[in-house]
Amino acid sequence: MKKSFFIFCTAFMLSFVALSQTQEQGNARFHGYGTYGLRYSNFGVGAGIEYFFVDKFALMPSFTFVFPEVGKESNLSADLRYYVSDGPSQLYFMAGYSQTWVDTQPDGAGTKRNQKGANVGVGAYIRIIEGLGLSTEFRYQSPYPREVGFRVGLAIPL
């Protein structure tokens with residue numbers, strides 16, 4: 001189920017074509033990604049839209065569904081990104097707000113957690129072809145489960 005959902009999301013993202021690849025004010029990118037946490041080895045999928053409100057600065061709200069072995073987990077992040085390089089390979093640093101919802105037993109009396117915190121990390125956008133790029137990120141999230149993880153996905157300029 002998880003693999004088929006990820007394949008569907010990837011195929012859906014590949015069906016779009018866009019023209020702009022720069023990081024100038026007013027540009028936007030749609031991101032679809034998979035996540036992997038290093039502490040608990042949880043896999044997740046998510047999406048977000050990155051908007052450049054000033055040259056080299058972008059806001060990216062994103063939502064992620066995480067698939068733990070037991071229960072349900074989801075995360076909402078709003079990150080500020082600063083791009084330090086330009087061109088086909090673009091490096092950025094990020095920091096932002098994160099809110100995580102965890103339900104350890106969704107079908108019974110369990111523990112529900114709603115925690116807020118911060119994100120910090122570094123990432124890169126690498127243009128593959130005109131209208132499609134690879135998005136990678138290494139991040140730490142302070143809300144429970146306080147995990148360091150990777151995000152890898154595709155980005156489509158809008």
Is Tyr40 reachable from Val102 through a run of I, L, V, M, F, W or Y residues, each pair having side-chain heavy atoms under 4.5 Å apart? no
At what distance, to the nearest 0.5 angstrom, does OG of Ser135 lie from OH of Tyr33? 9.5 Å
Please name all residues satisfying side-chain hydrogen bond (donor to acceptor under 3.5 Å, both in side chains) with Asn75, sequence neighbours left out, ordered by chain then number. Ser77, Ser98, Thr100, Gln141
For Phe138, ring pair (Phe, Tyr, Trp, His ring centres under 6.0 Å) partners two or more places apart: Phe150
Starting at CG of Asp55, measure out to CG of Asn27 and round the result to the nearest 0.5 Å. 9.0 Å
List in chain and number order the residues that pass ring pair (Phe, Tyr, Trp, His ring centres under 6.0 Å) with Tyr82, two or more places apart in sequence or in another chain; answer none if no residue qualifies. Phe57
Of the non-hydrogen atoms in Pro157 and Ala155, which two are nearest, and what is the gap between them? CD-O, 3.9 Å
Could you grab the distance from atom OH of Tyr92 to atom OG of Ser85, nearest 0.5 Å is fine? 11.5 Å
Is the shortest distance from a Lys or Arg side-chain nitrogen in Glu147 or Arg39 to a carboxylate oxygen in the other one below 4.0 Å? no
Rounded at 0.5 Å granularity, tell me how far CG in Leu132 sits from CZ in Arg29. 11.5 Å
Whether Phe43 and Phe67 hold their rings parallel, tilted or perpendicular, with breakpoints at 30° and 60°: parallel
Considering non-hydrogen atoms only, spot the tightest contact between Gln90 and Gly87 and give its length. NE2-O, 2.9 Å
Under 4.5 Å between side-chain heavy atoms, hopping through other hydrophobics if needed: is there a path connecting Tyr51 to Phe93? yes
Across all chains, not counting sequence neighbours, the side-chain hydrogen bond (donor to acceptor under 3.5 Å, both in side chains) partners of Arg146 are none
Going by the rule side-chain hydrogen bond (donor to acceptor under 3.5 Å, both in side chains), which residues pair with Ser41 if we only count those two or more places apart in sequence or in a different chain? Tyr36
Candidates Leu80, Val122, Asn119 - the one meeting side chain to side chain contact (heavy atoms under 4.5 Å, CB included) with Met94: Asn119
Whether the side chain of Ser142 engages the backbone of Ala118 through a donor-acceptor N/O pair (distance < 3.5 Å, no angle test) should be reported. yes
What verdict does the side chain to side chain contact (heavy atoms under 4.5 Å, CB included) test give for Thr35 and Val152, after you've listed the backbone C-alpha separation in whole Å, the side-chain angles of each residue and the deciding distance to 0.1 Å? CA-CA 7 Å; Thr35 66; Val152 177; over 6 Å; no
Mind running salt bridge (Lys or Arg N to Asp or Glu O under 4.0 Å) on Arg81 and Glu137 for me, showing each step along the way? CA-CA 11 Å; Arg81 295 177 170 189; Glu137 189 172 276; 3.0 Å; yes
Rounded to the nearest 0.5 Å, what separation is found between the CG atom of Leu158 and the CD1 atom of Ile49? 6.0 Å
Side chain to side chain contact (heavy atoms under 4.5 Å, CB included) between Asp79 and Arg139: does it pass, once the steps are laid out? CA-CA 11 Å; Asp79 301 324; Arg139 65 172 29 214; 2.5 Å; yes
Do Tyr83 and Phe52 make the cut of ring centroids closer than 6.0 angstrom? yes
We want to know whether Arg151 and Ser62 form a side-chain donor-acceptor pair, criterion being a heavy-atom distance below 3.5 angstrom. yes
Quick one: do Val66 and Leu38 end up in the same hydrophobic cluster if we chain Ile, Leu, Val, Met, Phe, Trp and Tyr together by side-chain heavy atoms under 4.5 Å apart? no
Residue set satisfying ring pair (Phe, Tyr, Trp, His ring centres under 6.0 Å) with Tyr97, at least two apart, ordered chain then number -> none
Please report the interatomic distance CG(Leu154) to CZ(Phe30), rounded to the nearest 0.5 Å. 10.0 Å
In terms of side-chain geometry, is the basic nitrogen of Asp86 or Lys56 positioned less than 4.0 Å from the acidic oxygen of its partner? no
